[in-house]
Amino acid sequence: MYAMKRVCSPFKSELTFRLTTATSRAWKDGFFWKTRFPSGSKVSCTPGSIRAVISSDGKALEPSSKEASNKEVDEIVLSSSSDKLGKGGIDVRAVITIRKKIKEKINEKIEDQWEYFVNGIGKGILIQLVSEEIDPETNSGKSVQASVRGWLPKPSNNEHIIEYAADFTVPFDFGNPGAVLVANLHGKEFYLMEIVVHGFDAGPIFFPANTWIHSSKDNPDSRIIFRNQAYLPSRTPPGIKDLRREDLLSLRGNGKGERKPHDRIYDYALYNDLGNPDKDDELARPVLGGEKWPYPRRCRTGRPPTKKDPKCETRIEKPHPVYVPRDETFEEIKRNTFSTGRLKALLHNLIPAIAATLSSSDIPFTCFSEIDKLYNDGFILKTEELSEIVQNPFLGNFMKRVLSVSERLLIYDIPAVIKRDRFAWLRDSEFARQTLAGVNPVNIEILKEFPILSKLDPAVYGPPESAITEELIERELHGMSVEKAIEEKRLFILDYHDMLLPFIEKMNSLPGRKAYASRTVFFYDQAGILRPIVIELSLPPSPSSPCNKHVYIHGHDATAHWIWKLAKAHVCSNDAGVHQLVNHWLRTHACMETYLIATHRQLSAMHPIYKLLHPHTRYTLEINALARQSLINGGGIIEACFSPGKYAMEISSAAYKNMWRFDMEALPADLVRRGMAVEDPSMPCGVRLVIEDYPYASDGLLIWSAIKEYVESYVDHFYSEPNSVTSDIELQAWWNEIKNKGHFDKRSEPWWPKLDTKEDVSGILTTMIWIASGQHAAINFGQYPYGGYVPSRPTLMRKLIPLENEHDHEKFIRNPQHTFLSSLPTQLQATKIMAAQDTLSTHSPDEEYLGQVSQLHSHWINDHEIVELFNRFSARLEEIEGIINLRNKDTRLKNRSGAGVPPYELLVPTSGPGVTGRGIPNSISI
């Protein structure tokens, strides 16, 4: 129940006690203690700091730095009470920093004033200091408690930050506090930034929080905030061992019930919320996760099942939010940025949608000038269309407001791919260059043997041999044999045959969708230029065509030229789908979610590995929940705008089943697996690139090596003793949970790395941080710069290539441009995907980049050596940025410089806000 001690100090509460669960419930019932402030004391804040400086002589102190401020605070707190030490203990003060909303409604401002008053009189927030040392009477950490009371002046640089004080008297043998327990007696949550305790000999002790503190009405249990000291489980101070375990248990939950918005519970679930069978049978989708459709797990929400399919979970539709643990939600700046992006998407889609409705059809582009108008003129409504819209009772007021700003609603930024050279997309060299320096540079691989063989069942999918013959390739090699070209590593392939062929028949049965399974062979010539030489497009075998494969080469006559363009467009469409569904969503977003959940469930906030990984988890659960709500869901943007349609996530599941391996997600391992690099111990990352001018790989290896060096030094610092890795119970539980819960369908695979040594830990963590930062940046932030011009990179094709004996072939001969444009996405589909790509390529103003620490997280760890390691990491990333800038000016590197060629900047570490085509955020935040 309670373990109470009487304290004699006249400055503090008459009773202090250790909090128990019963205590926190008593708080909820309104059990308060009165506190008195020392007479004559004043408080002041240093500019730009959230630390209070306390002066007993009425003079405000203005130290020249935070360090000086912190030092003087402690000196003054001790001085002001030095004559009272013999009577009862040491007087200390905790400064509690709370952040308010930036944009508040009138009623919220009124509520803030009431909370401000309630906190000031000591009836809003209660906190308890828990010592790292054991109290022999309770066999748990020594503790003292007080009400938060008193108003400290607002920091001059931020009107949205408020500070309060709580005064304590602690016994002389209290030791250092290791945790603070916080109870919120208000009716709603508040955002706690940090607590700083002044008055101990060790100087100010920081308790970084950056967390929402739930109301005791929602949950009677107090929140536990640990100091910024990293401890392995075996080295946890005895006074806070129980709290360490208790905090982890609270984050795991019991796996039951529907999650509430204030919950902080991390648990696993199947992808059973993508479909909506109760709304429409056409929106039913298979559950991902299990033997038939294996998949990583997502964060559990616990919503009830649908009526039509008990295996599926009911959906939450926009604008209502999908549950994510409370601290995973977007902060206000990010939320506003994302909302602006969604508004932009609405505006981009609105006019074409209305135009399509008025014309009763979704219209294709009829000429290239119509596409150009999206960037030059925008889309202007005709007078009769405007009249009909304004009369519409649903759209009228909204349209009037929009049109009052500008008649030209829709003007897109010119994408980087055509900004310097609007005809670059037509060239074979640009088509090839983007496999090395575009938005999806992770699928090209070396051609290791010939003939090219399929691994699919020949009884179902026809002969395994490709229709690409040796003679056909040698015709393009100018005298070099295929054998010689393979030996010299000059033949490469972009192979989507086996991945897509099992789905082509279903995809082509969808209205307005026509696709092939594709293979593209490239030749890397003596001049260092990569160019496509042959494209194979395959359909499933049929009785009339048991080998339904078509091979295309770059011809010299007009007809062959246009057919080659169509073949390349089909390859780009496949590449766009695989990029979005496999490389982007599956390999970064979905897989990172499993690592994030396990990190919160099994690693204490005090664990050094938690502290290392935490910056790389920011916003990931929230953006993934939003994706399930409107991007990858049944009828969502991906299904509407990419070739696979309703089978999109089935393809993603098949790729996970057949291709995904954790050990191959490390950049050097992936490059070696694809034959794009060979092992070379003399090189910094142990590999040497086959194509030196491979911007994604060469820049990526720089980032990889910097992460690896930092992680290895970090791990070595904490795991210095023999068997320290195997004896770390939290770390072992974390890795076991990732394998056996997060990736349950892959749990028995033999390739999972072991976790026995420091090297094992470093390798696993380097891979995870690379995925969250460099890998995601490379394949995400180029979506609009490289995909924003529809003819260059269509996300779907609506027609097959006309054959000579078909009726459409005549139309093609008469007007090849019309055939090409009518094969591309329609105007509505194009503007939808352009808007989505624009939003997904946008950096938020509050983005946190690799190697940077936000000012609000500046006290993340109390370890000088680790801070120095991080500073070296940051300095190395600055050097890398300079190296990349120099590479982009090197005229020998044709894939990143030259006439009209955009520089490769996707792995430049820093960026400003907006669509910049550069910048590596710490985490998957969009």
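Using a 3.5 Å distance cut-off with no hydrogens or angles, the side chains of Glu328 and Tyr266 do pair a donor with an acceptor. Glu847 and Ser925 share a side-chain donor-acceptor pair at under 3.5 Å. There is no side-chain donor-acceptor pair under 3.5 Å between Ser773 and Asn922.
Taking Glu712 as the reference, Lys708, Ser762 meet the side-chain contact (heavy atoms from CB on, under 4.5 Å) condition, with sequence neighbours excluded.
Under a 4.0 Å N-O distance rule, the pair Asp267/Arg259 does not qualify as a salt bridge. We find that Glu313 and Arg628 are not joined by a salt bridge, their nearest charged nitrogen and carboxylate oxygen being 4.0 Å or further apart. The residues Glu749 and Arg661 are annotated as not salt-bridged, no charged nitrogen and carboxylate oxygen being separated by less than 4.0 angstrom. Taking a cutoff of 4.0 Å between a charged side-chain nitrogen and a carboxylate oxygen, Asp242 and Arg245 qualify as a salt bridge.
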List the atom pairs, with distances to 0.1 Å, where a side-chain N or O of residues 231-241 and a protein N or O form a donor-acceptor pair under 3.5 Å, not counting sequence neighbours.
from: Tyr231; atom 1: OH; to: Glu132; atom 2: OE2; distance (Å): 2.9
from: Arg235; atom 1: NH2; to: Glu721; atom 2: OE2; distance (Å): 2.8
from: Thr236; atom 1: OG1; to: Leu232; atom 2: O; distance (Å): 3.4
from: Thr236; atom 1: OG1; to: Pro233; atom 2: O; distance (Å): 2.9
from: Thr236; atom 1: OG1; to: Arg244; atom 2: NH1; distance (Å): 2.8

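Relative to the ring axis of Phe873, Arg876 does not place its NZ or CZ within 45° and under 6.0 Å from the centre. Annotation: cation-pi geometry satisfied between Lys746 and Tyr656 (NZ/CZ under 6.0 angstrom from ring centroid, within 45° of ring axis).
Note: Phe718 and Tyr714 have tilted aromatic rings, judged against thresholds of 30 and 60 degrees for the angle between ring planes. Classification of the Phe190-His186 ring pair by plane angle, with boundaries at 30° and 60°, yields perpendicular.
Aromatic ring centres of Trp734 and His607: separated by at least 6.0 Å.
Atom CD1 of residue Ile213 and atom CG of residue Asn184 lie 7.5 Å apart, to the nearest 0.5 angstrom.
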